[in-house]
Amino acid sequence: MTPAQIETVQTSFEAVFLRKAEIAGAFYAHLFRAMPEARELFSRDMHHQREMFASMLAITVRLLNRPGELNEVVDRLAQVHGRFTIAPDQFALAGTAIVAAFRDVLQDRFTPDVEQAWKQATQKLVSRVALQLKD
């Protein structure tokens with residue numbers, strides 16, 4: 001990712017930070033549409049799950065320009081998700097769902113530059129998780 005893309009992701013996230021619960025809800029809606037079988041991986045307490053997702057999203061966005069710390073967080077994320085035997089291509093669907101959720105929430109502020117930056121960010125994270133899941 002370029003420094004400008006990192007700034008774009010961070011700025012767009014700041015713009016909707018107070019709506020992070022809405023982003024989390026939209027993320028899971030998109031994820032479950034793309035991968036209905038994933039729904040069974042979650043407890044009935046989706047409120048708690050959405051809160052955890054929003055927190056993790058905030059942490060990863062904040063760390064985008066600190067790759068060492070980001071890699072540690074992403075590696076822990078991969079460990080947690082590794083117990084569910086999630087395939088790398090399934091994890092890629094999560095990246096697509098994140099981008100779609102931001103498109104839903106940002107609406108007209110989801111410009112092509114914002115979209116490209118979010119795609120780069122999610123690809124970076126998904127690629128790192130995929131490497132960890134293969135091990």
Side-chain angles (χ1 to χ4, degrees):
M1 289 187 73
T2 67
Q5 287 175 321
I6 291 171
E7 183 177 342
T8 297
V9 167
Q10 291 173 334
T11 301
S12 64
F13 184 73
E14 287 172 12
V16 294
F17 180 77
L18 295 177
R19 296 174 65 191
K20 61 186 180 285
E22 187 178 343
I23 291 169
F27 164 75
Y28 284 108
H30 285 287
L31 182 67
F32 295 153
R33 267 195 297 278
M35 193 171 52
E37 67 276 13
R39 187 178 298 275
E40 68 188 43
L41 298 174
F42 298 93
S43 70
R44 297 214 182 265
D45 184 8
M46 285 304 293
H47 176 75
H48 177 68
Q49 186 63 39
R50 286 188 297 270
E51 285 180 358
M52 289 190 323
F53 171 81
S55 293
M56 184 56 65
L57 183 60
I59 290 167
T60 55
V61 167
R62 188 177 67 240
L63 295 177
L64 282 174
N65 53 359
R66 297 191 307 227
E69 292 174 63
L70 177 63
N71 287 340
E72 288 177 22
V73 168
V74 174
D75 291 351
R76 278 184 277 160
L77 184 66
Q79 286 177 331
V80 168
H81 287 81
R83 67 180 180 203
F84 298 113
T85 61
I86 300 170
D89 63 322
Q90 291 173 309
F91 214 90
L93 290 174
T96 302
I98 290 170
V99 173
F102 271 88
R103 182 180 299 112
D104 291 351
V105 175
L106 285 169
Q107 297 179 356
D108 61 339
R109 293 178 292 168
F110 195 74
T111 65
D113 287 343
V114 172
E115 180 174 17
Q116 187 59 32
W118 274 100
K119 284 181 177 180
Q120 287 294 316
T122 57
Q123 178 58 40
K124 179 179 181 172
L125 299 176
V126 166
S127 297
R128 177 100 185 161
V129 169
L131 286 174
Q132 297 299 317
L133 292 177
K134 287 181 183 178
D135 292 342

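The residues of the chain are indexed from 1 along the displayed sequence.
Contact annotation: the side chain of E7 never approaches that of N65 to less than 4.5 Å [non-hydrogen atoms, C-beta and beyond]. At a threshold of 4.5 Å between non-hydrogen side-chain atoms, the residues L106 and T111 do not count as touching. When side chains are defined from C-beta on, Q10 counts as touching L64, because their heavy atoms get closer than 4.5 Å. In this structure, the side chains of F110 and V105 stay at 4.5 Å or more apart for every pair of heavy atoms. Side-chain contact between D113 and Q116 is absent, with no heavy-atom pair separated by less than 4.5 Å. For the pair L57/K20, no side-chain contact is recorded, criterion being any heavy-atom separation below 4.5 Å from C-beta on.
Residues L31 and A97 approach most closely at N-CB, 3.8 Å, considering heavy atoms. Annotation for E37 and E40: closest pair O-CG, 3.0 Å, computed over non-hydrogen atoms. Considering every non-hydrogen atom in both L93 and A34, the closest pair reads CD1-O, 4.2 Å. Summarising the geometry of A94 relative to F27, their closest heavy-atom pair is O-CE1, 3.3 Å, with the distance given to 0.1 Å.
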(request) Test side-chain contact (heavy atoms from CB on, under 4.5 Å) on M56 and V73 and set out the steps. (result) CA-CA 9 Å; M56 184 56 65; V73 168; 3.6 Å; yes

(request) Give the intermediate values and the outcome of side chain to side chain donor-acceptor pair (under 3.5 Å) for residues S55 and E51. (result) CA-CA 6 Å; S55 293; E51 285 180 358; over 6 Å; no

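A distance of 6.5 Å separates NZ of K124 from CE of M1, quoted to the nearest 0.5 Å. The OG1 atom of T60 lies 7.0 Å from the CD1 atom of I98; values are rounded to the nearest 0.5 Å. Interatomic distance, CD1 of I59 versus CZ of R76, reported as 8.0 Å (0.5 Å rounding). Distance CG/L63 to CD/E72: 9.5 Å, rounded to 0.5 Å. Going from atom CZ of F102 over to atom NE2 of H30 covers 11.5 Å, rounded to the nearest 0.5 Å. To the nearest 0.5 Å, the span separating CZ on R19 from CG on D104 amounts to 10.0 Å.
Looking at R39, R50, R33, Q49 one by one, the single match for side chain to side chain donor-acceptor pair (under 3.5 Å) with Y28 turns out to be Q49.
Taking the six-membered ring where tryptophan is involved, the planes of F13 and F17 are perpendicular, since the angle between them exceeds 60° and thus also 30°.
Residue M52 is not grouped with residue L18 when hydrophobic side chains (ILVMFWY) are merged at heavy-atom distances under 4.5 angstrom, including chains of intermediate members.
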